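Shown next, in structure tokens, is the structure this report addresses.
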Amino acid sequence: MQDTGEQPQRIGAYDHTAVEAKWRQRWAEEQTYKADLDTPARPYYNLMMFPYPSAEGLHTGHAFTFSGADAHGRFRRMQGNDVFQPMGWDAFGIHSENYALKVGEHPTRLMPRTVANFKRQMDRLGAGFDWSHELNTSAPDYYRWTQWIFVQLMKRGLAEQKEAAVNWCPRDLTVLADEQVIAGRCERCGAVVERRVLKQWFLKITDYAQQLLDGLDTLDWSDVVVSAQRNWIGRSEGAMIRFDLEGCARGDVTVFTTRPDTLCGATFLVVGADHPKLDEFTAPERREAVARWRAELPADQDEPDFSIGIDLGSQGVHPLTGARVPVFAAPYVLGGYGTGAIMAVPGHDERDWQFARAHSLPIVEVITGGDVDDEAYTGSGVLVNSVEFDGLSSDEAKQHIVARLQEQGRGESAVQFRLRDWLISRQRYWGPPIPVIHCAQCGPVPVPEDQLPVLLPDVEDFKPIGTGLSPLASVEEWVNVPCPQCGGPGRRETDVSDTFLDSAWYFLRYPSTEFDGVPFDRERTWRWAPVTIYIGGKEHSVLHLLYARFINRVLYDAGFVPAQEPFPLFRANGLIIKDGAKMSKSRGNVVSPDVYMDTYGADTLRVYLLFLGPYEQGGDFRDEGISGAVRFLSRVWRIATADTLTDAADDRRERRRHALVKAITERMGGLRFNTAIALLMTYVDELTGDAAAGGVRRVDVETLLQLLAPLAPHITEELWERTGHTGSIHRSQWPGYDPSLAAAQEVTIAVQINGKVRDTLHVPVGMSPSELEGLAKRLPRIQELLAEKPIRKAIVVPERIVNFVV
RNA sequence: GCCGGUGUGGCGGAACGGUAGACGCGGUGGUCUCAAAAACCAUUGGGGGCAACCCCGUGUGGGUUCGAAUCCCACCGCCGGCACCA
């Protein structure tokens, strides 16, 4: 559907191609959008998520996001803010590298072309970026500081190498963070992810779990994103309980439960089948059998099978009753969550119930409220079969039982998070090398800060090799370096870091791009952080937006940034869909903005996209719909170029103008572009009427152009010039309004009988309720309908309604 | 299952608890034209009526209120997040 089948058309006498090209050039020459970073009176950091420069170029979703965010920035600039609106390139990462592999060209050579294309399209859209602060995450003067951040994390004990069961993508041949696995598949390529036990670099985001959760309460963010982060962090409250073990190498095991009140219903223990130290829980004579069983476990299935499990032959000792309970291993318990082991309470947990049934284990009711012979009862109730705790409610019992355990040193209350540490190692080429040197004597040593960046070596064959090592491992002369600490033989870390580490701090770099010696200049940072408003996609809810909050908090704790939260105000823009589905290459419903900009011009596309629906909701792209935007802008052109502009004083029209300014100002501030455009359309209709009636007021046209300027920057700039103004409309002052003039003078109020509208009353504002009631009563229609019926009650809301209850 | 969002004409969508359907697309009729396109004007939720007007209508069922798309309760559908998390 990219070919609209129509010839490029002109909007009346408006040649969008020539006009848009003229102003693109003029704005670049005059640096219209360059921000004053050092002496701003009212700094306004207008940030939008930077793209990775794909070869396909800007898509319609980008055009939508940038049109809205740019309109908002332009509005704030005209309001007198010093708007800083930078843009850059998330150029490192698997996505760019995979494309380079596909076309067989080195990413260092490919990337400049894709970047240039993106930049061309953004400029064409009329996005007013301050290009003097452009950045590129794959440039050494950027990733030098990404590496520096890694070193700071290491120094603070927040980066560590550890062995764990991790996600391995068999197609991209690298490990992935939990956040990059969507429903068991690689976020990038869609391949089913495998589990591998590997030693990898992790950033300890879990140390900040509580802070990241609490911080959400301070943020003005779209609900979806807050809720997604809250779910992802996944806090649960409960208790750690220690069971002594018999018949195996370990003396005891601690389990986490959110239901300590059900402790007396624990009839067995289960250790995760993937627990790294399963052997320690196993009776020596069972080890061989358990190892065999483990090796033959089926891969992860969609439908969990709670019957799979094996008796480890050891015994747990119940901390309250002293009863001996069997210990099992089963895949339904996760080795990586909590302590990797649970107490099973089949009477009151669905999964434990199913496992108990399958293995003929006892099911004991300890909470009243259900029938545990039929199914697990997971609600709360009153305790039974629970030694001296019988008769307590679940809530009371939780406290009493934990207190008892604590006295005996067998347990304590505890909080668990679902959030895992952030795995940042990637066995790939196109990223910043992790700045570490491994030394046999000193262990992993960070590269000294004055030796950063660790340059990514220029490797011709950058294909991932799939051995669990990055292609960098084969560059011997690069790998072998002396240990910075002892001078002995050392080997460089050969993995690169996750691209999300690059983007976790880019907003701090923009204001300081010209500083070589620091990642971000202190004065600049204190002036420009935190970001005033951040706009982007919600698909980054638990990726970029979470990582950036984490890194920013670490930098705050280290004294490098002035605020704990990087983005106090975030708005998620909606999705542009087409034919009811998300645009995607595989569906063949991708719409290229270039085609529409060719045919109708950038302003028309911007207005059309923003008019489609609420900005935070998005909308359905339909080819026919764009004609509304075409007609609207052509009417604007006609009105502003008419030779009948007058300077006549006109009280009614002046009031109308003030009311419009007030309404548009409110909507532009709240990103309600669709209703702002609707109001402007109505206004243009009225001005068209004025023109037919003899003349349009110059001031009305000027106001129209200014209010429309953020949305349609080229055509308004051209008309601004044609109506005799010098200087950019985008640097002009946003029209003000007098609230008393903006307020309506006359209102039409509804007259209701029993809540049903029966007539209307057109009156000046400010009438008293009794006057209104009197006027309403005297309306012929109302008299007729009221007839002889007595009025039981009259409700009068001035400027709204009169309602007679009979 | 839990969490968040959402449900309004043929379609996209408007609507501080106060005249539901702004604005736009599409449709219909008209003006202009030899004709068409463009442009402009009128009309366009459903039903009834010659008309003035009347009735019905915001996913479903209840409730609060003089008055509910809007608030409350219980459902249903759709979209998104989490999900063997103990």
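Not measured: the values here are computed from a predicted model. So that the names make sense, note that chain A is the first sequence line, chain B the second, and so on, each numbered from 1.
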List, with names and distances, any nitrogen or oxygen atoms from the protein found under 3.5 Å away from nitrogen or oxygen atoms belonging to nucleotides 55-57 of chain B.
residue, atom, partner, partner atom, Å
B/rC55, OP1, A/R758, NH2, 3.3
B/rC55, OP2, A/R758, NH1, 3.3
B/rC56, OP2, A/K756, NZ, 3.1

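Side-chain contact between A/M343 and A/V345 is present, with heavy atoms from C-beta onward closer than 4.5 Å. Using a 4.5 Å cut-off on side-chain heavy atoms (C-beta onward), A/M240 and A/T257 make no contact. When side chains are defined from C-beta on, A/L711 counts as touching A/I677, because their heavy atoms get closer than 4.5 Å.
In this structure a side-chain-to-backbone donor-acceptor pair under 3.5 Å is present from A/H318 to A/L320. Here the side chain of A/Y608 pairs no donor or acceptor atom with the backbone of A/F621 at under 3.5 angstrom. When atom types are taken as modelled, the side chain of A/H348 and the backbone of A/Y377 share a donor-acceptor pair closer than 3.5 angstrom.
Atom CZ of A/R631 is separated from atom P of B/rG26 by 5 Å (rounded to the nearest Å). The CD atom of A/E686 sits 10 Å away from the P atom of B/rC23 (whole-angstrom rounding). Distance OH (A/Y608) to P (B/rG26): 11 Å, rounded to an integer number of Å. Between A/Y683 atom OH and B/rC23 atom C1' there is a gap of 17 Å when expressed in whole angstrom units. Between the P atom of B/rC23 and the CD1 atom of A/I664 lies a distance of 14 Å, rounded to the nearest Å. In this structure, A/Y337 atom OH and B/rA83 atom P are separated by 12 Å, rounded to whole Å. Counting to the nearest Å, the P atom of B/rC23 and the CG atom of A/L711 are 18 Å from each other. Atoms CD (A/Q354) and P (B/rA86) sit 17 Å apart, rounded to a whole Å.
Across all strands shown, A/F632 has no heavy atoms under 4.0 Å from either base or sugar-phosphate atoms. The residue A/T688 sits apart from the nucleic acid: no heavy atom pair falls under 4.0 Å. Using a 4.0 Å heavy-atom criterion, one finds that A/A228 contacts the sugar-phosphate atoms exclusively. A/R420 comes within 4.0 angstrom of nothing in the nucleic acid, heavy atoms only. If you check every strand for non-hydrogen atoms under 4.0 Å, A/S236 touches sugar and phosphate atoms only. Residue contacts shown for A/V226 are absent, as no nucleic acid heavy atom lies under 4.0 Å away.
Classification of B/rG46 as anti follows from a glycosidic angle more than 90° from 0.
Nearest-nucleotide mapping onto RNA chain B: of A/D349 and A/D685, the residue sitting toward the 5' end is A/D685. Positionally, the nearest nucleotide of RNA chain B for A/I626 lies more toward the 5' end than for the other of A/M343 and A/I626.
With a 3.5 Å ceiling on both atom-pair distances, the Watson-Crick or G-U wobble partner of B/rU6 is B/rG77. Pair check for B/rC40 finds B/rG30; Watson-Crick or G-U wobble, both atom distances under 3.5 Å. Here B/rG1 sits opposite B/rC82 as a Watson-Crick or G-U wobble pair (both hydrogen-bonding atom distances under 3.5 Å). Summarising the base pairing, B/rA15 is matched to no nucleotide, lacking a Watson-Crick or G-U wobble pair whose two defining distances lie under 3.5 Å. For B/rU58, there is no paired base (Watson-Crick or G-U wobble, both distances below 3.5 Å).
With sequence neighbours excluded, the residues that form a salt bridge (Lys or Arg N to Asp or Glu O under 4.0 Å) with A/D220 are A/R571. Residues forming a salt bridge (Lys or Arg N to Asp or Glu O under 4.0 Å) with A/E539 (at least two apart in sequence, or on another chain): none.
A salt bridge links A/R656 with A/D690: the distance from a Lys NZ or Arg NE/NH1/NH2 to an Asp or Glu carboxylate oxygen falls below 4.0 Å. Remark: A/D352 does not engage A/R357 in a salt bridge, criterion side-chain N to carboxylate O under 4.0 Å. Between A/D349 and A/R259 there is no salt bridge, since no side-chain N of the basic residue sits under 4.0 Å from a carboxylate O of the acidic one.
The same atom, P, is picked in B/rG10 and in B/rU44; the two are 15 Å apart, to the nearest Å. Straight-line distance between the C1' atoms of B/rG1 and B/rC66: roughly 43 Å, to the nearest whole Å. Spacing between B/rC71 and B/rU64 at atom C1', rounded to whole Å, works out to 8 Å. Rounded to a whole angstrom, the distance from the C1' atom of B/rA14 to that of B/rG21 is 7 Å. The same atom, C1', is picked in B/rG57 and in B/rA20; the two are 10 Å apart, to the nearest Å. Going from the P atom of B/rU60 to that of B/rU70 covers 11 Å, rounded to whole Å. Nucleotides B/rA22 and B/rC72 place their P atoms 27 Å apart, quoted to the nearest Å. Atom P of B/rC11 sits at a distance of 15 Å from the matching atom of B/rG27, rounded to the whole Å.
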With sugar-phosphate taken as primed atoms, P, OP1 and OP2 and all else as base, the protein-contact string of nucleotides 62-74 of chain B at under 4.0 Å (heavy atoms; B, S, -) is ----B--------
Going 5' to 3' along nucleotides 3-15 of chain B, which nucleotides have protein heavy atoms under 4.0 Å from the base (write B), which only from the sugar-phosphate (write S), and which from neither (write -)?
-> BSS------BSS-
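Aromatic ring pairs are classed by plane angle as parallel below 30°, tilted from 30° to 60° and perpendicular above 60°; the pair A/F355 and A/Y332 is tilted. Between A/F500 and A/Y547, the ring planes are tilted. Angles from 30° to 60° get that label.
Counting only residues at least two apart or in different chains, salt bridge (Lys or Arg N to Asp or Glu O under 4.0 Å) contacts with residues 756-768 of chain A are absent.
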